[in-house]
Amino acid sequence: IATSDTLDLVISMQEKSFSKLQNIEYLNNLEKKVNTLQLVSKTSSIGKIIKDTNYFLHKNNEKYNRIPKNKTIFNQIFSYLEKKSKGTVTSWNTETHKTTRIFIELKEFSSKQIEDHIEKIKTYIKDIFPAGTTYFFSGSTYQMAMMNQYITRGLVRSVLTALLMITII
């Protein structure tokens, strides 16, 4: 049985934000940067679904393996996914399209590297998305990495404090 560790990144903007081409392009740009991180094996989001649908509708022509640049085509694909493919959009976006998710699949678990990657992703979000965009990480992998780092730092402090006390005595 194979398992994988995933980080869940939740991003929020104004209502209907993640049904608009520009914001899906922001999401796609973020995914491209996140996919360059060492621990990341792949990401999934509504942006990837739209990109894959565009590619499929153009008979797997590599030229269309992207988010459509044309707003009308983008809106048609988005509408198609909402109406014909029940659950596809709502599995990524809230009903108001204010919030979306990115699943970040990791190659391995390293709490220190995960913590470093999270800091980089925070920087990417601030660089790509407009001011006022909020985000948070969730999921068991995120919680385990943060707890592990918290415990490790606490243990190091305890050992150093004990050594200091022994030295003083």
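These numbers come from a predicted model, not from an experiment.
Closest non-hydrogen pair, V89 versus L81, comes out as CG2-CB, 3.8 Å. The two residues Q38 and Q113 have their closest heavy-atom pair at OE1-NE2, 3.0 Å. In plain terms, the two heavy atoms of L21 and P68 that are nearest each other are CD1-O, 3.2 Å. Between I24 and I50 the shortest heavy-atom distance is CG2-CD1, 4.1 Å. Closest heavy-atom contact between S138 and V10: OG-CG2, 4.3 Å. Residues R66 and K69 share a closest heavy-atom pair of NH1-N, 3.4 Å.
I121 contributes atom CD1, which lies 6.5 Å from atom CG of L7 (distance to the nearest 0.5 angstrom). Rounding to the nearest 0.5 angstrom, the gap separating the CD1 atom in I104 from the OG atom in S44 is 10.0 Å. The CG atom of L30 sits 5.0 Å away from the CD1 atom of I11 when rounded to the nearest 0.5 Å. Here the straight-line distance linking atom OH of Y135 with atom OG1 of T99 works out to 15.0 Å at 0.5 Å rounding. The distance from the NZ atom of K51 to the CG atom of N28 is 6.0 Å, given to the nearest 0.5 Å. With values rounded to the nearest 0.5 angstrom, I67 atom CD1 is found 10.0 Å from K48 atom NZ.
By the 4.5 Å heavy-atom criterion applied to side chains, S79 and Q76 are not counted as neighbours. The side-chain heavy atoms of D5 and I114, taken from C-beta on, include no pair separated by under 4.5 Å. Counting heavy atoms from C-beta outward, S17 and T133 have side chains that stay 4.5 Å or more apart. Counting only heavy atoms from C-beta outward, the side chains of K63 and N61 approach each other to under 4.5 Å. Residues L27 and N23 are not in side-chain contact: their nearest non-hydrogen atoms beyond the backbone lie 4.5 Å or more apart. Two residues are said to be in side-chain contact when any heavy atoms from C-beta on lie closer than 4.5 Å; T123 and K126 fail this criterion. Q14 places none of its side-chain heavy atoms less than 4.5 Å from the side chain of K98. Counting heavy atoms from C-beta outward, M13 and P130 have side chains that approach closer than 4.5 Å.
Sorted by first and then second residue, the salt bridge (charged side-chain N to carboxylate O under 4.0 Å, His left out) pairs involving residues 29-42 (not counting sequence neighbours) form an empty list. Screening residues 39-58 for ring pair (Phe, Tyr, Trp, His ring centres under 6.0 Å) gives H58-Y64 as the qualifying pairs, with residues at least two apart or on separate chains.
A salt bridge is absent between D116 and K120: the closest approach of a Lys/Arg side-chain nitrogen to an acidic carboxylate oxygen does not fall below 4.0 angstrom.
Judged by distance alone, the side chains of Y26 and Q22 do bring a donor and an acceptor atom under 3.5 Å apart.
Remark: of the listed residues V40, T6, T43, T6 is the sole one forming a side chain to side chain contact (heavy atoms under 4.5 Å, CB included) with E105. When each of F18, W92, F78 is paired with H97, the ring-ring contact (aromatic ring centres under 6.0 Å, His included) condition holds for F78 and for no other.
Other residues, nucleotides and ligands contribute at most 12 non-hydrogen atoms within 6.0 Å of the NZ atom of K71.
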- Query: Step by step, would you call Y124 with E119 a side chain to side chain contact (heavy atoms under 4.5 Å, CB included)?
  - Reply: CA-CA 9 Å; Y124 297 159; E119 290 307 312; over 6 Å; no
